[in-house]
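Inspection log for the structure reproduced underneath, given as structure tokens.
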Amino acid sequence: MGAKMSVKDHAVKIDEYTHEIPKKSDLGMNAPVKIYGNPSIYKMLDRGVFQQIINVSKLPGLVGHAMTMPDAHWGYGFPIGGVAAFDVNKGVISPGGIGFDINCGIRMITTNLTVAEVKPKIRELINTLYDLIPAGVGKKGSVPLSMQQFRDVAEKGTEWCIENGYGWDEDLEKQENNGCLTAADFSVVSDKAKSRGIKQLGTLGSGNHYCEVQTVNQIFDPDTAKIMGVRDKDQVVVMVHCGSRGFGHQIASDYLREFLNKMETKWNIPIYEKELSAAPINSKEGQNYLKAMSAAANFGFANRQVIMSHVRKGFEQIFGRTAEDMEMNLVYDVAHNIAKQEEYLIDGKSRQVIVHRKGATRSFGPNSKDIPSIYKSVGQPVILGGSMETGSYLLAGTEAAMRNSFGSTAHGSGRTMSRSKAKKKIKGHVLRSQMEAKGIYVRAASMAGLAEEAGFAYKNINDVIDSIHGADLSRKIAQLVPIGNIKG
DNA sequence: ATGTCC
């Protein structure tokens with residue numbers, strides 16, 4: 001055949017939800033690739049995702065498959081929606097496989113309020129939350145910190161917040177890793193990262209970061225939902241989506257540059273793609289990145305914890321009851337931009353790997369280590385944030401995810417349209433009125449930023465959910481739809 | 001994602 005072969009042509013259909021690209025040495029692959037998505041998702045996947053995940057498979061020490069989740073799209077180096085596990089001794093760690101926004105993640109909070117109680121006060125509530133939670137690019141936080149305190153935040157994560165009045169004792173266990181990666185070490189973080197981060201605790205940021213008031217629209221598994229605190233249709237819940245702000249961004253930038261400078265010369269790793277700079281996990285540099293990334297991850301957990309305390313305060317002001325009385329309990333906090341050392345059974349052998357999840361959510365199944373006792377029987381809560389207009393999902397981790405995707409699943413809808421194109425299609429204030437007409441009251445730090453997040457710029461979330469539920473990477477528990485949103 | 005380029 002004379003026509004140029006597309007990377008997509010190498011893929012073989014395994015089942016309704018899975019394609020595989022076998023390891024091809026002539027493409028330079030060190031490992032096979034797995035692509036998750038139902039036929040509709042698969043058809044729409046752009047060629048860049050295939051090329052990027054093939055590039056990932058060329059990195060040394062990759063274990064099992066390099067994978068993309070159904071919400072995958074083009075990212076920096078790795079695709080967003082990418083999962084890759086590397087051997088702890090022979091493998092690498094790559095900042096591009098984690099993302100600039102280290103520990104970007106979502107937490108979900110329940111209430112015992114109903115939509116009928118909240119709707120009449122939604123404007124007042126959103127306006128109050130908007131005043132309590134600093135949002136937008138470059139915003140300074142509501143928690144002034146000394147450098148010593150900032151160090152404690154970066155090394156202790158959520159625990160610092162609880163000790164300092166930003167939350168309840170019981171919040172601590174309902175977070176991935178209890179809201180703290182113990183490897184964190186502030187001393188391997190640059191002064192520049194420290195000076196950017198010290199002012200940012202308790203800030204939402206920009207882009208697709210938000211605090212959203214939602215109602216339960218549908219419950220798929222009432223028993224599991226109940227364990228997670230979701231009991232009734234029309235119950236009001238809150239989701240907070242943000243990360244480690246300028247602190248994590250600077251750490252990612254610092255180490256990307258350092259690794260690129262040393263990759264070929266010091267470690268003899270071929271550079272197929274500059275954005276995929278990486279260091280051997282057992283090198284000094286690799287270990288330092290792991291420590292700095294952990295510090296950023298802890299800041300991300302702490303950031304969402306402080307924001308949650310603002311959310312509780314805002315509800316108290318508007319509804320005149322205590323947060324305890326309104327049962328504003330944390331369901332769970334999950335990261336979707338992070339790397340972790342975890343143990344998996346590979347070809348009958350137990351192996352320690354560094355799992356990179358970039359735009360991918362941990363999805364640990366029932367009886368896994370490291371999930372709270374209350375969720376042992378049903379699996380870890382998985383929180384998947386949709387676009388502002390189409391709603392979000394609560395799911396549960398599965399045993400199949402432990403076997404097939406290094407305990408990982410999708411993280412959101414996944415963009416299909418560039419930010420610039422979305423902005424050309426609609427003006428922020430027009431979108432705001434349209435959403436208001438649909439019953440979603442929005443306050444946004446930037447109207448241009450709002451337009452970039454229009455629902456039409458994202459994949460159909462139902463296809464993403466159908467894909468992960470169908471592939472059993474996580475199972476549907478409940479669907480949530482927005483009634484109010486604060487956007488960065 | 002991000003003091004949207006040091």
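Since the structure is predicted, the reported quantities are computational estimates derived from the model, not experimental observations. Just so it is clear: chains get the letters A, B, ... in the order the sequence lines come, proteins before strands, and each one is counted from 1.
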Query raised in the report: Under 4.0 Å between a side-chain N or O of A:Ser206 and OP1 or OP2 of B:dT2?
Result: yes
- Message: Distance alone, cut at 3.5 Å: any donor-acceptor contact between the side chains of A:Gln305 and A:Arg107?
- Response: yes
Do A:Glu342 and A:Tyr344 meet the criterion of a side-chain donor-acceptor pair at a distance under 3.5 Å?
-> yes
Base, sugar-phosphate or nothing for [X]? Non-hydrogen atoms, less than 4.0 Å.
X: A:Arg415; value: nothing
X: A:Gly99; value: nothing
X: A:Gly207; value: sugar-phosphate

Without decimals, in angstroms, what is the distance between [X] [atom1] and [N] [atom2]?
X: A:Tyr76; N: B:dT2; atom1: OH; atom2: P; result: 17 Å
X: A:His209; N: B:dT4; atom1: NE2; atom2: P; result: 16 Å
X: A:Arg257; N: B:dC6; atom1: CZ; atom2: C1'; result: 10 Å
X: A:Lys192; N: B:dT2; atom1: NZ; atom2: P; result: 16 Å

Practice problem: Decide if atom NZ of A:Lys34 counts as having more than 12 heavy atoms of other residues, nucleotides or ligands within a radius under 6.0 Å. | Solution: yes
Between A:Lys194 and A:Phe186, is NZ or CZ placed under 6.0 angstrom from the six-membered ring centre and within 45° of the ring axis? yes
